[in-house]
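Notes follow the structure.
The basis for the numbers below is simple: all heavy atoms, side chains too, and nothing from hydrogens, waters or symmetry mates.
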Amino acid sequence: MKRQNRHVLTRSERLKATAIRGVFVFLLINLIATPVFWVFHRMTRETVSRSIREEEMLEIAYTAEQIVSSYQSFWADALYLSSNRTLIAWLQDQVEYETAAADLLNFARSRRVYDNVRFLDMQGNERIRINENNGYFFVESKNALQNKAHRYYYQESAKLKQGEIYLSRLDLNVENGEIEIPYRPMVRIGTPVFDDAGNKRGMLVLNMPGNQVLDYVDTLSAVPSRQIMLVNGHGYTLKGPDPEKEWGFMFAEKNRTGFAWSYPKAWQRIFFEHQGQFFLDKGLYTFAGIDPRFSYVPVLDRTSVPPESIHKPGGSYPLKLISFYPAGEYRALLWERAKGLLLGYFASLLVTFIFSLIIARFLVIQLESRKMIEHLALHDSLTGLPTRRLFYDRLETALKLVHRNRQHLAVLFLDLDNFKKLNDSAGHEAGDILLVETARRIQQNLRESDSVARLGGDEFVVLLENVDTWEDLRLVAQKILSAVREPCEIKGRRVAVSVSIGAAMAPDQAETVDDIIRIADEEMYTAKRAGKNQLKTL
């Protein structure tokens, strides 16, 4: 009988030993790898979470500022119309009703942003009303005019002093005592009108369709995993995912219906802060306040409307733009962005590579966000040109090189001729298009080493480095003059403007930034006085 060889395992023993050793190795590897993976996992989750929150905060804050900026031209329109000479002449029986009405009609047609433009007398009677219907503007017949003395915006506007502006709450339009169907959100801008003797004769009221504000909210609603809401200062929802909870303050049956009552804990924090971000049990809240009073407002005389001159109904402002990620949706988004590292846990050779890619991605997002903010701070949002701050930095550096290398540089100060008249007649949008086209034409006539910046309004400034003679400077200026005065097509209208240019050279005339800018500015005004569309130098 043969002896069994105990060094040879049976099939069942081999399977058992393999399983035991496999479990042991697996536990040993995981004993080492799991703590490292856990640390990396937590770091990645925090990086992803921070990136999501920063992206959300930046997007909400930027949209809120866009909404605030949309109000800027309305202040200027209200003040402009309140001092309209035709309207005041009509109030003093110096022109006919038809003349005053036609003037307001022309204004409404040129701006094309108001639902109606009205003049109300001191008893609240509509005396002139310009209506809009599907893009068509017309003067309302006298027998269709209404008395608005009972409306809150009339009562508040009637209290104002000269130069003050009333901003109504964003609510639904009411005609003949009834809320219009379908709903028409509306904001009213009111300001008093005084005659030449200083007597208050009535109120000018501009009706701005609220959809101009709500459309900004709609652009944020494209992400289905989050909820975007616009809430007034009382906590009522003006725009949100549930239409049944909108405009609760306008309907008795919807009283105390809206964000403040659906999310009371969140509202307690949002109400007292201008902007912020926080987690509650239900999810992530990101919010930013919208108060149109507190934004620089360029009006017709290049001054700003003081915030205390803009009145608004108590409690309705600031509006709050709110983004809400439900907890489940936020975790899903977090998992979606972090799952690449989890896959690396099961493929150890790729862990470092996958982890590096994920971290790099989030770092790039953060870096791009910072660069975007820096770019916005140093470049004009309309033309993309450098702002005053960046231009002055470049000029100061160039002046240092001039002194060191015994070279010359020149500065051209440019101001468009009669731009204000074009802006008033063709509208702000046409003026913006012309400014962009002017900036492009100036850049096309400069060398790569030269710099052009927009100082504000219709003023530009050019830095010409390595300019040897005044003749070189004049050659560049003449090219700019010729390029700018070429007509351009804006919305089917042929438009032509010219530019006045003042020039100064360093170090011949000035050695500091302030001096060379001052001299060029003074020479520009000399060109204006001498007939415009020309270059002036000392």
How far apart are the closest heavy atoms of [X] and [Y], and which atoms are they?
X: S500; Y: A527; value: CB-CB, 4.0 Å
X: Q227; Y: M229; value: O-CE, 4.0 Å
X: L170; Y: W247; value: O-CZ3, 3.4 Å
X: T387; Y: D380; value: CG2-N, 3.5 Å
X: P386; Y: L390; value: CB-CD2, 3.6 Å
X: L204; Y: A78; value: CD2-O, 3.9 Å

Between atom CG of L455 and atom CG of L385, what is the distance when rounded to the nearest 0.5 Å?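 Nearest 0.5 Å value for the CG-CG distance: 10.0 Å.
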What do the steps show when you test R440 against E437 for salt bridge (charged side-chain N to carboxylate O under 4.0 Å, His left out), and what is the final call? CA-CA 5 Å; R440 185 186 68 81; E437 175 63 16; 2.5 Å; yes
Can you list everything that forms a side chain to side chain contact (heavy atoms under 4.5 Å, CB included) with M122? Sequence neighbours excluded, please.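 Counting only residues at least two positions away or on another chain, M122 forms a side chain to side chain contact (heavy atoms under 4.5 Å, CB included) with K200, M203.
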Go through the structure and list residues passing side chain to side chain contact (heavy atoms under 4.5 Å, CB included) with A149, not counting sequence neighbours.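 With neighbours one apart ignored, the set is N147, Y154.
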Look at the side chain of Y236 and the backbone N and O of N255, then say whether any donor-acceptor pair between them is shorter than 3.5 Å.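 Flag not set: sc Y236 to bb N255 has no pair under 3.5 Å.
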Any side-chain to backbone donor/acceptor pair from T219 onto Y216? Under 3.5 Å, distance only.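 Yes, the answer is positive, given that a donor and an acceptor are paired below the 3.5 Å cut-off.
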With H379 via side-chain hydrogen bond (donor to acceptor under 3.5 Å, both in side chains) - residues at least two apart: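 With neighbours one apart ignored, the set is H375.
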F251-Y183 aromatic ring centre distance below 6.0 Å: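 Ring centroids of F251 and Y183 are less than 6.0 Å from each other.
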Ring centroid separation F74 to Y114 under 6.0 Å: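 Between F74 and Y114, the centre distance is under 6.0 Å.
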Can E56 and T286 be counted as having a side-chain donor-acceptor contact under 3.5 angstrom?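 Looking only at side-chain atoms, T286 and E56 do not form any donor-acceptor pair under 3.5 Å.
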N173 and E180 side chains, donor-acceptor separation under 3.5 Å: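 There is such a pair between these side chains.
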Check whether [Y] forms a cation-pi arrangement with [X] (NZ or CZ under 6.0 Å from the six-membered ring centre, at most 45° off the ring normal).
X: R169; Y: Y152; result: yes
X: R269; Y: Y285; result: no
X: K142; Y: Y97; result: yes

Check this for me, if you would: do [X] and [Y] make a salt bridge, where the nitrogen-to-carboxylate-oxygen distance has to be below 4.0 angstrom?
X: E429; Y: R112; result: no
X: D415; Y: K532; result: no
X: R188; Y: D171; result: yes

Output all residues satisfying salt bridge (charged side-chain N to carboxylate O under 4.0 Å, His left out) with [X], sequence neighbours left out; order by chain, then residue number.
X: D521; value: none
X: E329; value: none
X: R518; value: D515, E522

Test E486 against R441 for salt bridge (charged side-chain N to carboxylate O under 4.0 Å, His left out), laying out the working first. CA-CA 10 Å; E486 283 293 322; R441 293 182 182 185; over 6 Å; no
Pair K239-D218, salt bridge (charged side-chain N to carboxylate O under 4.0 Å, His left out): steps then yes or no: CA-CA 9 Å; K239 185 77 172 178; D218 288 335; 3.4 Å; yes
